[in-house]
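Below, each value reflects all heavy atoms present in this structure, side chains not excepted, and no hydrogens, waters or symmetry copies.
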Amino acid sequence: MRGAAPALWIAAALLLSPLPGQARDLADVMKDRFPVPEQAQATPDDSDQTVLARFYRARGLKPLWIGQGAANAGARAVLTVLSHADEDGLNPNDYAAASLTAQEERLDTAEAQAAFESGLSLALIHYASDVSVGRIIPTLADPELVIERPPFDRAQLLSGVAAAPDLTALLAGLPPQRPEYKALKAALAHYRQMKAAGGWPTIPPAPKAPPLPPPGPADATNGEPAPKAEKTSDTLKPGMTDPRVTALRARLVATGEAKPLPSPLPKGVNPDLYDDALASAVKEFQRRQGQEPDGAIGRRTLWELNATVDQRINQIIVNMERWRWEREAADQPYLVVNLADYTLSLMRGMDVLTTMRVVVGAPFARTPVFTGNMSYMELNPYWYVPTKIAREEILPKQKKDHSYVVKNHYTLLSGWTADAVPVDPSSINWATVTERNFHWRVRQDAGNDNSLGRIKFMFPNKFDVYLHDTPSKRLFDRAVRSFSHGCIRVQDPPALALAVLALTNTPGWPEERLRAEIGGDSLKHQTIHLKNRLPVHITYLTTVTDPDGSVDFRTDIYGRDARVLAALNGPRPRKPVVPAPTQPAAPTPGSAPNAAPAAASGDTPKAPAVPTPSVPAPRTGAAPAQAPAPANANPAR
């Protein structure tokens, strides 16, 4: 018996220990996958693996997606959402949707179950972060997008998923719930259907006149002048007969904006005639593109008509990403400027309180995207002309007309210090002054001719960008309004000022007093400190939503869509998803450097160049676009 005991113990040990190749218990595999985090306190900079380890350790390594050796209903719900990430303009491959779906069918070992469990949780936090607050880091995609994504708490997401009584509802609530985002999502599906149906035809350019034959012997001897080339018009206008009209009608019929001609054609109907019905459809198209609705098919309208369905899909995807950067609107007032739409809106929550037109930076002086807090307004402001404008724009005019400075109410100051004194322009030999030796500070005095107008709205920022009045009111009548040096000119400053005063509960400025100070001969410089700060969001959205829920497009005047699209097509950024919050510095009245909207109120701005169609790159495989140099920190505004 003593000899048999060791054999019994060996046999028992063999029965109780796993055989070679036998799977371990799921809990043991989970222990290896999720070791105890080294750092006891969680931080926003924790890696995804650390976040998952904390979550699973806190729940005793109990799986979230596995039940009785198979994927549970929650796992299938998440897989469905990941597989349809493209409906939100995201790429399902970023979340290994196909791979995880395949793994779901092969969960016959603890190792496979643990791999599926951790892989699905990792994919979920990536998707939830991307669809909630954005997939890319804006400033890494484009240095002119100086905004931070809203914070996203990965641990809170996992805890919420584990405790959710209705996981499907929780997942459906991850994307932005704003009506603009929902409209874009519906438009994305619609344009993809149009792509599947073949998209729409393009419109050819204007035909060139045939070359004249070389002069023959008779032309050389009869003394008559050679025939002139036939004139052609690149712009297609209502009432013209042109072979391009057939393609124009087909283009608008394909998108439901025009009706086709009856078939067969009635007697006397010319399909090449640009008739009134087609002109009305073109004008509506132009209105929806933010263009002058004149019915004329010039270069700008032709480019937008010929934007492909892929380009429109990409434009929608880019703007869905931009909406994900926005925090959900609280029930408080704020101001939004959409640079691409040339509009300003005062909002409370999602309700529009008032809207008006604005003039924004020209393509060579792009207005950046950022947020700030309006804290004060200036009445009858001075304009301290930036040195660049003084040297490059005012100096040449003064050299040509030595009375220019005086006529436009500029004052030359001896320097930039507080004790600088005025200098008489007539005492200067302007023939000897160059950009190199121009050393005076230029100030434009308050008044109706001041380039800042009578009111300036201040939200201190590093770009020296602000809202202001302007004497150049005629520019607000144009559809395309990118003419400033970077600051934002407001169509109706008194109305905006009164609305801001009311929304910020700032006392002491009834309408009669405000209009008296800025509407008459008073040139008194005054600062109005707002009782409460008003958040200001300078945005750039190349899609806008109509009241009926339809989506309109805007020209990408600054070329920013392609850079965002390239980042969306690139790898997911590794930067932490919870950025450190930053608070704008408290304003010091009058401390913000003055910037300029134009060289002088009477100057005629140059029309911006016609850009290429929006979002030229394809959705997949897009090459990163070369980002233009960012706007200067202290540019000529």
Test log, rule side-chain hydrogen bond (donor to acceptor under 3.5 Å, both in side chains), inputs Tyr56 and Ser121 | CA-CA 10 Å; Tyr56 280 107; Ser121 292; 2.7 Å; yes
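- Residues forming a side chain to side chain donor-acceptor pair (under 3.5 Å) with Thr354 (at least two apart in sequence, or on another chain): none.
- Rounding to the nearest 0.5 angstrom, the gap separating the CZ atom in Phe55 from the OG atom in Ser159 is 6.0 Å.
- Looking only at distances, a side-chain donor or acceptor of Asp556 sits under 3.5 Å from a matching main-chain atom of Asp561.
- Side-chain contact check for Val359 versus Ile488: every heavy-atom pair is 4.5 Å or farther apart.
- Nearest heavy atom pair, residue Ala114 against residue Leu26, reads N-CD1, 3.8 Å.
- Each of Thr539, Val465, Leu467 was scored for a side-chain contact (heavy atoms from CB on, under 4.5 Å) with Val337, with one residue passing: Leu467.
- Taking both residues in full, the closest heavy atoms of Val29 and Ala110 are given as CG2-CB, 3.9 Å, listed atom of the first, atom of the second, then distance.
- Proximity of Ile316 to Phe553: side-chain heavy atoms (C-beta onward) are separated by under 4.5 Å at one or more points.
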Dump the intermediate steps for side chain to side chain contact (heavy atoms under 4.5 Å, CB included) on Ile137 and Thr139, then the final yes or no.
-> CA-CA 6 Å; Ile137 306 295; Thr139 51; 3.8 Å; yes
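- Taking all atoms of both residues into account, the shortest heavy-atom contact from Met30 to Pro63 is CE-CA, 4.4 Å.
- Partners of Glu326 by side chain to side chain donor-acceptor pair (under 3.5 Å), not counting sequence neighbours: none found.
- A donor-acceptor distance shorter than 3.5 angstrom exists from the side chain of Thr80 to the backbone of Arg76, with no hydrogens or angles considered.
- In this structure, the side chain of Tyr191 does not engage the main chain of Gly199 through any donor-acceptor pair within 3.5 Å.
- Between Trp65 and Leu79, the closest side-chain pair of non-hydrogen atoms is not below 4.5 Å.
- For Thr542 and Arg554, the side-chain atoms include no donor-acceptor pair closer than 3.5 Å.
- In terms of the side chain to side chain contact (heavy atoms under 4.5 Å, CB included) criterion, residue partners of Lys195 (sequence neighbours excluded) are, by chain and number, Val309, Asp310, Ile313.
- For the pair Ser484 (side chain) and Val360 (backbone), a donor-acceptor distance under 3.5 Å is present.
- Residues Asp32 and Asp28 have side chains not in contact (no heavy-atom distance under 4.5 Å, counting atoms from C-beta outward).
- In this structure, Leu339 CG and Leu344 CG are separated by 10.5 Å, a value rounded to the nearest 0.5 Å.
- Checked against the 6.0 Å centroid threshold, His468 and Phe457 do not count as a close aromatic pair.
- Looking only at distances, a side-chain donor or acceptor of Arg366 sits under 3.5 Å from a matching main-chain atom of Pro363.
- Classification of Arg149 and Glu321 as a salt-bridged pair fails, no side-chain N sitting under 4.0 Å from a carboxylate O.
- Residues Glu87 and Leu188 are not in side-chain contact: their nearest non-hydrogen atoms beyond the backbone lie 4.5 Å or more apart.
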Kindly indicate, with the supporting measurements, whether the criterion side chain to side chain contact (heavy atoms under 4.5 Å, CB included) is fulfilled by Leu184 and Thr543.
-> CA-CA 8 Å; Leu184 286 173; Thr543 58; 3.5 Å; yes
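- Considering CG of Asn314 and CG of Leu565, their distance stands at 4.5 Å, rounded to 0.5 Å.
- Contact record, Arg322 with Leu541: CB-CD2, 3.8 Å, taken as the closest heavy-atom pair.
- Across all their heavy atoms, Pro176 and Val131 have their closest contact at CD-O, 3.3 Å.
- Considering CD1 of Ile528 and CE of Met377, their distance stands at 4.0 Å, rounded to 0.5 Å.
- With a 6.0 Å cutoff to the six-membered ring centre and a 45° limit on the axis angle, Lys456 counts as a cation-pi contact of Tyr466.
- Between Asp48 and Ile125 the shortest side-chain heavy-atom distance falls below 4.5 Å.
- In this structure, Thr50 contributes its side chain and Asp46 its backbone to no donor-acceptor pair below 3.5 Å.
- When each of Asp88, Asn91, Asp94, Asp130 is checked for a side-chain hydrogen bond (donor to acceptor under 3.5 Å, both in side chains) with Arg135, only Asp94 meets the rule.
- In this structure, Tyr376 and His529 have tilted ring planes: the angle between them lies in the 30° to 60° band.
- Of the residues Asp351, Leu534, Asn532, Thr504, the one that meets the side-chain contact (heavy atoms from CB on, under 4.5 Å) test with Pro333 is Leu534.
- Distance check: Leu335 CG to Thr371 OG1 gives 12.5 Å after rounding to the nearest 0.5 Å.
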Check step by step if side-chain hydrogen bond (donor to acceptor under 3.5 Å, both in side chains) holds for Asp548 and Ser550.
-> CA-CA 6 Å; Asp548 63 0; Ser550 60; 2.6 Å; yes
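- Residue Ser99 holds its OG atom at 11.5 Å from CG of Leu82, rounded to the nearest 0.5 Å.
- Relative orientation of the Tyr540 and Tyr558 rings is parallel, given thresholds of 30° and 60° on the angle between their planes.
- With Asn461 contributing its side chain and Phe459 its backbone, the two residues share a donor-acceptor pair below 3.5 Å.
- Between the side chains of Asn373 and Ser375, no donor-acceptor pair of N or O atoms lies under 3.5 Å.
- With contacts defined as side-chain heavy-atom distances shorter than 4.5 Å, the pair Thr355/Leu346 does not qualify.
- Formation of a donor-acceptor pair under 3.5 Å by the Asp86 side chain with backbone atoms of Leu90 is not found in this model.
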Would you please test Glu304 and Arg312 for salt bridge (Lys or Arg N to Asp or Glu O under 4.0 Å) and show each step?
-> CA-CA 10 Å; Glu304 294 297 345; Arg312 292 309 187 202; 2.7 Å; yes
Worked verdict on Thr367 versus Glu144 for side chain to side chain contact (heavy atoms under 4.5 Å, CB included) | CA-CA 8 Å; Thr367 306; Glu144 294 177 13; over 6 Å; no
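- Judged by the 6.0 Å distance and 45° axis criteria, Arg324 is not positioned over the aromatic ring of Tyr181.
- For the pair Asp166 (side chain) and Ala169 (backbone), a donor-acceptor distance under 3.5 Å is present.
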Can you list the steps and then say if Phe152 with Leu157 is a side chain to side chain contact (heavy atoms under 4.5 Å, CB included)?
-> CA-CA 8 Å; Phe152 182 80; Leu157 167 79; 4.0 Å; yes
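- Remark: the backbone N or O of Gly349 is not paired with any side-chain donor or acceptor of Asp331 at under 3.5 angstrom.
- Smallest separation of non-hydrogen atoms from Ala141 and Arg563: O-CB, 3.9 Å.
- Put simply, the side chain of Val133 does not reach to within 4.5 Å of the side chain of Trp325, judged on heavy atoms.
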